[in-house]
Amino acid sequence: MKKFDIIAIGELNVDLILNHIQSMPVIGKEIFADDMLLTLGSSTAIFAANAASLGMKVAFVGMIGKDNFGELVKTSLEKRSVSTRYLIETDQYATGATIVLAYAEDRANITYQGSMDTMGFNDIDPSVFEITKHIHISSIFIQSGLKRDLLRILKLAKERGITVSLDTQWDPMEKWDLDYTEILPYVTLFMPNETELKGLAGTSDLHEAIEKIRPYIGEACIVKCGSQGSILFQKDGTTLEASPFLNTEVIDTIGAGDSFNAGFVYSYVKGYSLAECQRLGNLTGAINTTAAGGIGAFTDKNEIEKRALEIFGQTIQL
């Protein structure tokens, strides 16, 4: 028996989210936002919090500063029943922060990396590779220490029989300097969105990107396509396209992809078929858009089930 269903390894920061903004900012001028939210941020943390809300036993491995933002991050994870036992606290760096300018289905971010750029393999308690069924990793392009040691982490996970999901997220430098031919064979579930997949594959055509990546994937690659749903493909040529669950009154889309990941990995760890994993991923991604921030819609199982039924007409048993 493993102590945890999932251990999330990755970045930790707060999000200062500005919604209902009048226009794009212009240098030398000031504009207004009608709504503001300071909340737990980071792709990996949103994933962890929402996977825990769905019913997984989750722990987090990440680095925070000994400051107010770090305390907010730690407290927020603990409120969502995510174990913070393996967090690394440092007084050398401040906790990361992202200012999010949210516009309908898109957003513009400004991030201070701080402590999340520092953590590497040697900072991680080695016992985590003995106590979990699954590891999730995200946002490697904003974590130079984690990116440097990614292959080492993946190889050890495979040696220990741990399944792994990876969501690289966007590369702010747009270099896409990750050797997917080397990395992906060690990744059970690769979970980019369509823009990220095309960037990694070095092509503007989604189907060409899929065919370039396909020979190197582990069990499956799941491509998130926003309001167009998702595409799942495997090495053997199998491809599944799943229609989206559309919310006609989107609050914001912050963390929708991370919530998709949480729903998919939850289902995968529970032993569901890949098709059912994909369906629940699409649904949890959509549920995310019914409240502000990445974790607002995932307060507990009852609330998640209620939103699924009342807004999307879907019955789920968590």
Side-chain angles (χ1 to χ4, degrees), residues 7-18 25 36-49 59-77 82 84 86-102 106-125 128 135-154 165-179 183 191-193 195-196 199-200 252-258 261 293-295:
I7 285 184
I9 301 177
E11 84 288 19
L12 287 168
N13 63 271
V14 297
D15 277 351
L16 177 62
I17 303 170
L18 302 177
M36 181 188 80
L37 176 68
L38 179 64
T39 186
L40 176 68
S42 93
S43 170
T44 317
I46 292 170
F47 164 88
F60 204 102
V61 177
M63 185 176 286
I64 55 174
K66 294 180 179 178
D67 50 36
N68 290 338
F69 282 172
E71 189 59 32
L72 186 153
V73 165
K74 186 175 181 180
T75 301
S76 297
L77 288 172
V82 176
T84 59
Y86 302 99
L87 292 191
I88 304 138
E89 298 185 58
T90 178
D91 54 12
Q92 292 183 292
Y93 305 95
T95 303
T98 296
I99 298 173
V100 182
L101 308 181
D106 212 343
R107 60 187 184 270
N109 296 350
I110 303 173
T111 294
Y112 165 71
Q113 292 165 272
S115 57
M116 62 183 167
D117 194 42
T118 303
M119 186 185 74
F121 180 87
N122 290 334
D123 297 302
I124 299 172
D125 185 331
V128 303
I135 287 174
H136 180 78
I137 301 172
S138 186
S139 302
I140 59 170
F141 291 111
I142 63 171
Q143 302 176 84
S144 60
L146 188 63
K147 181 172 176 287
R148 178 196 62 226
D149 295 338
L150 180 60
L151 188 59
R152 190 176 175 187
I153 293 168
L154 294 175
S165 49
L166 172 67
D167 184 349
T168 62
Q169 296 280 319
W170 181 252
D171 178 4
M173 303 301 291
E174 298 188 46
K175 293 181 178 179
W176 301 103
D177 54 345
L178 180 74
D179 185 352
I183 293 295
M191 312 185 80
N193 68 28
T195 304
E196 293 154 1
L200 192 63
D252 69 44
T253 60
I254 307 302
D258 309 313
N261 293 347
I295 62 175

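Starting from 1, each residue takes its place in the sequence as its number.
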Side chain to side chain contact (heavy atoms under 4.5 Å, CB included) between Leu166 and Ile183: does it pass, once the steps are laid out?
CA-CA 10 Å; Leu166 172 67; Ile183 293 295; 4.1 Å; yes
Test side chain to side chain contact (heavy atoms under 4.5 Å, CB included) on Val73 and Val14 and set out the steps.
CA-CA 7 Å; Val73 165; Val14 297; 3.9 Å; yes
Please test Leu87 against Met63 for side chain to side chain contact (heavy atoms under 4.5 Å, CB included), starting from the C-alpha separation and ending with a verdict.
CA-CA 6 Å; Leu87 292 191; Met63 185 176 286; over 6 Å; no
Tell me, with the steps shown, if Leu146 and Asp117 meet side chain to side chain contact (heavy atoms under 4.5 Å, CB included).
CA-CA 8 Å; Leu146 188 63; Asp117 194 42; over 6 Å; no
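Formation of a donor-acceptor pair under 3.5 Å by the Asp252 side chain with backbone atoms of Ile254 is found in this model. The backbone N or O of Arg152 lies less than 3.5 Å from no partner atom in the side chain of Asp149, so there is not a single donor-acceptor pair. A donor-acceptor contact shorter than 3.5 Å is absent between the side chain of Asn13 and the backbone of Met116. Between the side chain of Ser42 and the backbone N or O of Glu11, at least one donor-acceptor pair lies under 3.5 Å. At least one donor-acceptor pair under 3.5 Å links the side chain of Thr95 to the backbone N or O of Gly65.
Tested against Ser138 for a side chain to side chain contact (heavy atoms under 4.5 Å, CB included), the candidates Gln143, Met191, Gln169 yield a single pass: Gln169.
Leu200 is not listed as a side-chain neighbour of Pro192, based on a closest heavy-atom distance of 4.5 Å or more. Within the 4.5 Å cutoff, the side chain of Thr90 has no heavy atoms near those of the Thr118 side chain. The side-chain heavy atoms of Leu38 and Leu72, taken from C-beta on, include a pair separated by under 4.5 Å. Within the 4.5 Å cutoff, no side-chain heavy atoms of Ile99 are placed close to those of Ile17. Proximity of Phe60 to Ile9: side-chain heavy atoms (C-beta onward) are nowhere separated by under 4.5 Å.
Distance check, rounded to the nearest 0.5 Å: CD of Gln92 to OG of Ser115 gives 11.0 Å. How far NZ of Lys147 is from CG of Leu178: 6.5 Å, rounded to the nearest 0.5 Å. One distance of note links CG of Leu37 with CG of Leu16; it measures 8.5 Å at 0.5 Å rounding. In this structure, CD on Glu196 lies 9.0 Å from CZ on Phe141, to the nearest 0.5 angstrom. Interatomic distance, CD1 of Ile153 versus CD1 of Ile137, reported as 5.5 Å (0.5 Å rounding). In this structure, the separation between CG on Leu150 and CG on Asp179 is 11.0 Å, given to the nearest 0.5 Å.
Of all heavy-atom pairs between Ile142 and Pro172, the closest is CG2-CG, 3.6 Å. The two residues Ser43 and Asp258 have their closest heavy-atom pair at OG-OD1, 2.5 Å. Taking every heavy atom of both residues into account, Asp123 and Ile88 meet most closely at O-CD1, 3.4 Å. Between Leu40 and Ala49, the shortest heavy-atom distance links the atoms CD2-CB, 4.3 Å.
Not counting sequence neighbours, Tyr86 has no partner by the ring pair (Phe, Tyr, Trp, His ring centres under 6.0 Å) test.
Using cut-offs of 30° and 60° on the angle between ring planes, the pair His136 and Phe47 is parallel.
For the residue pair Glu71 / Asn68, no side-chain donor-acceptor distance below 3.5 Å is found, with atom types taken as modelled. Using modelled atom types and a 3.5 Å distance limit, the side chains of Asn109 and Thr98 yield no donor-acceptor pair.
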